[in-house]
Amino acid sequence: MAARFRDFLQRLVDAGELEHVTEAVDLRTVSARVGSSAKALWFDRVEGYDTAVVSGILGSRVRMGLCLDCDHRDIGRRFVDRIRDRCAPRIVSTSPVKEVIRIGDEVDLTALPVPLISTLDGGPYVTAGIGVSEDPEYGRNAGAYRLMIRTERETGVDMVSASDLKLFYERALKAGRPLPFAVAIGTHPSVMMAAAHMAPAGTDEFELAGGLAGESVELIKCETNNLLVPADSEIVLEGEILPIGWTEDEGRFGDFTGFVGPIKWNPVFRVNAVTHRRDAVYYALHMPDEVDYLVAPPLEGSAFAALATAGIVGQAVYAPQPSGCNFHLYAAIRKRPGEGRNAVLALMSLKRVKHVVVTDDDVDIFDPAAMERALAYRVRPAQDIVVWEGARGSHLDPSIQLQVGKGSLAPLTAKWGIDATIPEGSDLSEYEAIAYPFTDGITAGEADAPTPNDPARLADDIAAFLASPRHFSEVLATFASAHQRTIVKAWAVLRQAGRLGRETATGKYTIKAHRQEA
Ligand SMILES: Cc1cc2nc3c(=O)[nH]c(=O)nc-3n(C[C@H](O)[C@H](O)[C@H](O)COP(=O)(O)O)c2cc1C
């Protein structure tokens with residue numbers, strides 16, 4: 001897999017997933033155009049800016065599959081398989097991202113074509129930034145953080161939720177010093193996935209990214225601090241998070257839930273240098289779809305791992321995008337008795353997951369109609385639904401209204417799971433689905449030469465065929481060159497002679513000996 005941003009863009013173009021917009025566009029229309037496009041868009045010319053814009057490149061499971069080299073159904077499994085094989089980054093000394101270097105007063109963030117993504121956003125947001133920081137004890141950290149443009153040299157940085165960056169910043173703040181910070185924009189999705197993955201503090205996300213990409217991520221030193229950033233980046237912002245604490249307004253922002261979050265109070269990132277390729281492409285990660293699909297592989301991967309830990313064979317796992325690829329999780333399992341419920345319990349423990357549906361492995365969990373049928377016909381609501389109150393949910397779930405002054409500000413919610421596997425002990429013949437006969441047309445049957453055209457003679461041949469139990473459709477198929485009407489008449493001969501028997505479990509016909517004449 002080519003782990004370069006430009007190679008990934010080309011791969012999307014080749015797959016028909018990304019198309020160029022060649023006419024000049026007003027930056028203000030970019031977000032709406034991407035939101036209504038079935039494909040990712042590459043805006044070659046943005047009026048008044050020197051930089052092209054690409055957006056929507058992670059906006060579907062198919063595109064995530066292209067970045068992980070697999071079918072979209074396998075992105076979770078592929079993620080866990082690859083992230084296990086960590087691969088140390090490699091430091092390089094040259095990169096196109098150093099073709100243009102602007103330091104100090106030359107820095108002007110307004111030169112970047114950063115679009116307003118959603119109507120109620122507090123301003124243009126850098127959404128695809130991979131923020132790199134370092135702590136004397138924990139080492140290097142990379143994560144994805146949104147940045148609201150404030151001035152030519154400042155952005156807000158959202159550090160309200162727990163993150164390693166927040167931890168590093170709190171430690172720097174305690175020491176009364178700014179936290180050096182660098183933001184890489186336009187990196188290969190393996191870097192973005194690794195950065196967004198909630199790995200324990202002290203994990204080098206670039207090692208994880210190397211595992212995902214199957215090759216070392218190349219890093220290059222910043223111009224104005226000692227941080228190392230992906231050399232393949234299109235644009236790098238260098239600077240520091242000021243030691244002012246959570247004092248400045250930031251937001252609102254249309255978040256991964258698809259809802260617009262509140263104003264937050266956050267620190268400020270002061271930008272001391274910008275470096276970029278001469279022909280840089282600015283990547284505007286579109287909300288909420290791209291951020292959702294970006295976190296689907298890690299969540300689905302964790303789900304496979306949780307099932308495996310519970311000793312259950314997971315056949316497929318799916319985190320649907322309308323729930324932010326976070327809150328709802330479907331799994332199809334190869335069930336042994338009782339494992340439907342065990343799987344529900346295992347998956348309900350995963351972070352942010354609020355609703356779980358577990359099906360048997362014959363259900364295509366990616367198909368909404370198949371899921372509907374599983375819920376309709378495999379679930380006995382009184383027995384198969386579990387609701388567990390008081391579990392930890394997410395602040396970003398608007399149905400959780402924090403109860404200020406009532407003892408807890410924790411985002412508590414209920415989790416609910418449905419065991420939509422066929423109930424144990426069911427008569428499986430009741431789950432035999434309708435299939436249409438002769439989908440491939442009529443072909444000559446086995447016993448078909450020559451087929452008598454006379455019902456009485458045909459009845460004898462059919463009787464011989466029924467030496468093994470058969471469905472009526474098999475009779476139609478085997479004597480295919482006879483007209484259906486002749487076959488039905490021959491059938492009537494056998495029935496009137498009292499010769500047709502039934503196998504009750506399958507419904508197949510059997511043949512009885514000739515009825516004795518009185
Ligand atoms: C595109 C994108 C934007 C994100 N923005 C933020 C953000 O602004 N603040 C935040 O706390 N987490 C944000 N996240 C989630 C973090 O990237 C994620 O929790 C990551 O694990 C944090 O890394 P860290 O714990 O190593 O600092 C974002 C994720 C993505 C994919």
Side-chain angles (χ1 to χ4, degrees), residues 4-6 9 27 30 43 45-55 91-117 123-134 140-158 165 178-188 191-192 195 206 217-242 248 250 266-285:
R4 299 196 179 277
F5 183 67
R6 292 289 176 108
L9 296 187
L27 183 61
V30 160
F43 300 93
R45 291 186 300 141
V46 183
E47 287 166 8
Y49 295 90
D50 296 333
T51 308
V53 173
V54 70
S55 188
I91 297 172
V92 297
S93 55
T94 58
S95 152
V97 78
K98 303 288 189 183
E99 283 170 355
V100 178
I101 298 175
R102 300 201 191 284
I103 295 181
D105 289 344
E106 289 178 350
V107 170
D108 184 358
L109 298 177
T110 66
L112 296 176
V114 183
L116 182 74
I117 295 180
Y125 264 89
V126 173
T127 45
I130 301 305
V132 181
S133 55
E134 230 172 72
R140 179 169 52 219
N141 179 61
Y145 317 97
R146 70 194 200 201
L147 305 173
M148 185 178 84
I149 303 286
R150 287 168 55 89
T151 67
E152 286 88 345
R153 288 194 54 187
E154 285 179 351
T155 78
V157 50
D158 173 33
L165 176 64
L179 181 71
F181 192 54
V183 174
I185 303 166
T187 56
H188 189 268
V191 171
M192 302 195 63
F206 293 129
V217 175
E218 292 180 346
L219 300 178
I220 192 160
K221 193 181 121 11
C222 286
E223 296 299 304
T224 56
N225 59 37
N226 287 324
L227 295 172
L228 295 168
V229 289
D232 178 48
S233 312
E234 295 287 318
I235 299 165
V236 172
L237 315 180
E238 304 177 5
E240 55 203 8
I241 305 180
L242 302 178
E248 300 300 315
E250 187 271 336
N266 264 310
V268 165
F269 170 39
R270 169 107 176 138
V271 182
N272 296 326
V274 176
T275 73
H276 61 84
R277 290 167 180 256
R278 202 164 286 116
D279 65 344
V281 179
Y282 176 78
Y283 172 24
L285 180 138

- [ ] Kindly compute the distance separating CG (L219) from CG (L228), expressed to the nearest 0.5 Å.
- [x] 5.5 Å
- [ ] Using ring-ring contact (aromatic ring centres under 6.0 Å, His included) as the criterion, list what pairs up with F181, not counting sequence neighbours.
- [x] F269
Task: Approximate separation, where rounding is to 0.5 Å, of E218 CD and S233 OG - done: 11.0 Å
TODO: Could you tell me whether the side chain of S95 and the main chain of A231 form a donor-acceptor pair under 3.5 Å?
DONE: yes
Task: Sub-4.5 Å side-chain heavy-atom contact between V46 and T51 - done: no
- [ ] May I ask you to test the E238-L227 pair for a side-chain heavy-atom distance under 4.5 Å?
- [x] no
Task: Donor-acceptor under 3.5 Å (T275 side chain, K98 main chain) - done: no
Task: Reported CG-to-CG distance for the pair L27 and L116, which is rounded to 0.5 angstrom - done: 9.0 Å
- [ ] For residues R150 and E248, report the shortest heavy-atom separation together with the two atoms involved.
- [x] NH2-OE1, 3.4 Å
Task: N225 versus C222, closest heavy-atom pair with distance - done: OD1-CB, 3.1 Å
Task: Pair E223 + R102: basic N to acidic O under 4.0 Å - done: no
TODO: List the steps and the verdict of side chain to side chain contact (heavy atoms under 4.5 Å, CB included) for I149 and L112.
DONE: CA-CA 10 Å; I149 303 286; L112 296 176; 5.9 Å; no
- [ ] Show your reasoning for whether side chain to side chain contact (heavy atoms under 4.5 Å, CB included) applies to V191 and F206.
- [x] CA-CA 7 Å; V191 171; F206 293 129; 4.0 Å; yes
Open item on the list: I'd like to know if the side chain of R153 and the backbone of V271 have a donor-acceptor N/O pair within less than 3.5 Å.
Closed with: yes
Task: Candidates T187, I220, I130, V236 - the one meeting side-chain contact (heavy atoms from CB on, under 4.5 Å) with P230 - done: T187
Task: Partner residues of Y283 under the ring-ring contact (aromatic ring centres under 6.0 Å, His included) criterion, sequence neighbours left out - done: F5
Open item on the list: To the closest 0.5 Å, what do you measure between CG (N141) and CG (L179)?
Closed with: 9.5 Å
TODO: Answer yes or no: is there a donor N or O on one side and an acceptor on the other, between the side chain of E234 and the main chain of V281, under 3.5 Å?
DONE: yes
- [ ] Mark yes or no for whether S55, through its side chain, and A284, through its backbone, hold a donor-acceptor pair below 3.5 Å.
- [x] yes
TODO: Might you point out which heavy atoms bring V183 and G129 nearest each other, and give the distance in Å?
DONE: CG1-CA, 3.5 Å
Task: Atom of V126, atom of V114 and distance for their closest heavy-atom approach - done: N-CG1, 3.7 Å
Task: Set of ring-ring contact (aromatic ring centres under 6.0 Å, His included) partners for F43, sequence neighbours left out - done: none
Open item on the list: V107 vs E152, test: side chain to side chain contact (heavy atoms under 4.5 Å, CB included). Steps then yes/no.
Closed with: CA-CA 7 Å; V107 170; E152 286 88 345; over 6 Å; no
Task: Closest contact, heavy atoms only, A273 versus I103 - done: CB-CG1, 4.0 Å
Open item on the list: Do the side chains of D232 and R6 get close enough for a salt bridge, i.e. N-O under 4.0 angstrom?
Closed with: no
Open item on the list: Please report the interatomic distance OH(Y125) to CD1(I117), rounded to the nearest 0.5 Å.
Closed with: 10.0 Å
Task: Residue pair G123 / M148: nearest heavy atoms and the distance that separates them - done: N-SD, 4.2 Å
Task: Atom pair CG/CZ of L242 and R270 - distance to nearest 0.5 Å - done: 7.0 Å
Task: Validation row: M192, L285 side chains within 4.5 angstrom (heavy atoms) - done: yes
Open item on the list: Would the distance check show the side chain of E99 and the main-chain N or O of R278 forming a donor-acceptor pair, the cut-off being under 3.5 Å?
Closed with: yes
